[in-house]
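What follows is one structure encoded as structure tokens, with my remarks underneath.
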There are 2 protein chains.
Amino acid sequence: MGKRILKHAILGLLSKKDMSGYDITGEFKEEIGQFWSAKHSQIYIELKKLLSENLISQYIEMSGEKLERKMHRLTSEGKKELEQWLVVPDETIETEKDVFILKLYFIKHIPKDKVEALFRNQFNIRSAKLAYLREQYQQIFGEQHPLEIDADQLGHYFVLTKAISREESYVKWLEQSLEIIKKREY
Amino acid sequence: MGKRILKHAILGLLSKKDMSGYDITGEFKEEIGQFWSAKHSQIYIELKKLLSENLISQYIEMSGEKLERKMHRLTSEGKKELEQWLVVPDETIETEKDVFILKLYFIKHIPKDKVEALFRNQFNIRSAKLAYLREQYQQIFGEQHPLEIDADQLGHYFVLTKAISREESYVKWLEQSLEIIKKREY
DNA sequence: CACGTCATGTAAGTTGTTACATGATTTG
DNA sequence: CAAATCATGTAACAACTTACATGACGTG
């Protein structure tokens, strides 16, 4: 048996408001997508499973004349399942896979100028991500003190600050490491 | 077509020295396992594929009287394939999945005392990991200056420092966030 | 009216996990 | 001699990706 994380991620998203498969797909392109995501093809299949497990119910909302939005709502069973899952501490943490670092492990086989190009590429991607996350933070929380943040927004606050912290640390490490590369003869 | 990352990870590991499937499994339990890993069941299958693609060759080494170690060695084709893969910059970065943060996003549905327990659990796991990584660093590099590290060890150096940096940042964020949780009434 | 987005789904293939299966070697 | 580790493999299942497939709606 797998850990059924997508199942619970969807239940969690539906706990905020009713959503269509399309809406859920969109959520995974926002901040929470920094920590979990799935493609629409997987989401539609999972929604069917959740329906058959009676954890969610479905109703149709019309978007215009003919375009159907299949909306999904947590059942009380679904809410219970979510609440139970949330409080279980995870004993193991999965490998946070990172192909760039994997490649660096084999740096011996990369020509020096190519190493610098790889670093610059990562630096650009990570910096852009960091800038985007900081902008999001500004827009949502501005200069608000964490103790004054609305309870409804607290989850969002933690996800954003964690993502920002992760990228800040990544960029810093990239800068330091590139300095070392540049100074070394190898 | 997938990105065949395990394929290239194995080619990379074999570029250092000949290894058995068991050895490779072991490597993924060491530092590089912080950034990529696979189970033995997947590794044996991948080795077969690499053999059929002529990227590696196989020979038998005896370990005792009857116990066979099937050793694998990069072919020149395999080395070429590795070197080509290493220099291609990755334009997209995959989601670094983290179930703890996913759960936190739904903090609204977690009782306050359980939140603290979840945080403490993560703190313990991450701190232990950090301590282990720092110990590894000390053992391998001691007080050595990064500019004096042997070229053969440079990949190892970057992987270790990145892992340490990641966990330091994680632990720091956990501490700050737990403080906020404790101070808030919610 | 073309293009981008909204909206849902299936099919085929790849990757990854857990469990099943077996036997040898080493160490206390 | 028991338990841990060494060593290799297969089977079944679960998770994930890419491509295929279709059609509606809104805006310039």
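A quick note: this is a predicted structure, and the numbers were derived from the prediction, not measured. Side-chain atoms are counted along with the backbone in the values below, which use heavy atoms only and exclude waters and symmetry mates. Naming: A, B, ... by sequence-line order, numbering from 1 per chain.
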| Can you check whether A:Tyr22 has a side-chain N or O nearer than 4.0 Å to OP1 or OP2 of C:dT8? | no
| Shortest side-chain distance from B:Arg4, nucleotide among C:dT15, D:dG9, C:dA7 | C:dT15
| remark: Assign each of B:Lys39 and A:His72 the nucleotide of DNA chain C bearing its closest heavy atom; nearer the 5' end lies the nucleotide of A:His72
| request: Compare side-chain N and O positions of B:Lys48 against OP1 and OP2 of D:dT8 and report whether any pair is under 4.0 Å apart. | output: no
| task | Could you state the atom-to-atom distance from CD of B:Glu94 to P of C:dT15 in whole Å? | result | 13 Å
| query | Is the closest basic N to carboxylate O distance between A:Glu53 and A:Lys7 below 4.0 Å? | reply | yes
| request: Could you check which of D:dC16, D:dT8, D:dT10 has an atom nearest any side-chain atom of B:Tyr44? | output: D:dT8
| query | What is the distance, rounded to the nearest whole Å, between atom OH of A:Tyr59 and atom P of C:dA7? | reply | 13 Å
| request: Report which part of the nucleic acid B:Ser41 touches: base, sugar-phosphate, or nothing (heavy-atom distance under 4.0 Å, all strands). | output: base
| said: Under 4.0 Å, heavy atoms only, any strand: does B:Lys7 hit a base, just the sugar-phosphate, or nothing? | reply: nothing
| A:Ile24 has an atom CD1; how far is it from atom P of C:dC6, in whole Å? | 15 Å
| query | Does the pair A:Lys79/A:Glu83 count as a salt bridge with the N-to-O cut at 4.0 Å? | reply | yes
| said: Using 30° and 60° as the class boundaries, would you call the ring planes of A:Phe100 and A:Tyr170 parallel, tilted or perpendicular? | reply: tilted
| said: Between B:Ser37 and A:Thr95, do the side chains contain a donor N or O and an acceptor N or O under 3.5 Å apart? | reply: yes
| request: On the 0 to 90° scale, with breaks at 30° and 60°, tag the B:Phe158-A:Trp173 ring pair as parallel, tilted or perpendicular. | output: perpendicular
| query | Hey, is the side chain of A:Lys3 poking within less than 4.0 Å of OP1 or OP2 on D:dA14, counting only N and O atoms? | reply | no
| Which whole-number value in Å describes the distance from B:Glu68 CD to C:dT25 C1'? | 14 Å
Got a list of protein N/O to nucleotides 25-27 of chain D N/O distances below 3.5 Å?
from, atom 1, to, atom 2, distance (Å)
D:dC25, OP1, A:Glu65, N, 2.8
D:dC25, OP1, A:Lys66, N, 2.7

| request: Measure from the side chain of A:His40, starting at C-beta and using heavy atoms only, and say which of D:dC16, D:dT8, C:dT10 lies closest. | output: C:dT10
| B:Asp90 bridged to A:Lys103 by N-O distance under 4.0 Å | yes
| message | On the six-membered ring of A:Tyr105, is B:Lys16 placed so that its NZ or CZ lies under 6.0 angstrom from the centre and within 45° of the ring axis? | response | yes
| request: Using atom CD of B:Glu96 as one end and atom P of D:dC16 as the other, report the distance to the nearest whole Å. | output: 16 Å
| request: Measure the distance from CZ on A:Phe28 to P on D:dC16 and round it to the nearest whole Å. | output: 10 Å
| task | Please state how far atom NZ in A:Lys70 lies from atom P in C:dG9, giving the value in whole angstrom units. | result | 4 Å
| request: For A:Gln42 and for B:Gln42, locate the closest nucleotide of DNA chain D by heavy-atom distance; then report the residue assigned to the nucleotide nearer the 5' terminus. | output: B:Gln42
| Counting just side-chain N and O atoms, does B:Lys97 come under 4.0 Å of either OP1 or OP2 of D:dA15? | no
| request: Give the ring-plane orientation class for B:Tyr44 versus B:His40, where under 30° counts as parallel, over 60° as perpendicular and anything between as tilted. | output: perpendicular
| said: Between P on C:dT8 and CG on A:Leu51, what's the gap in Å once rounded to a whole number? | reply: 13 Å
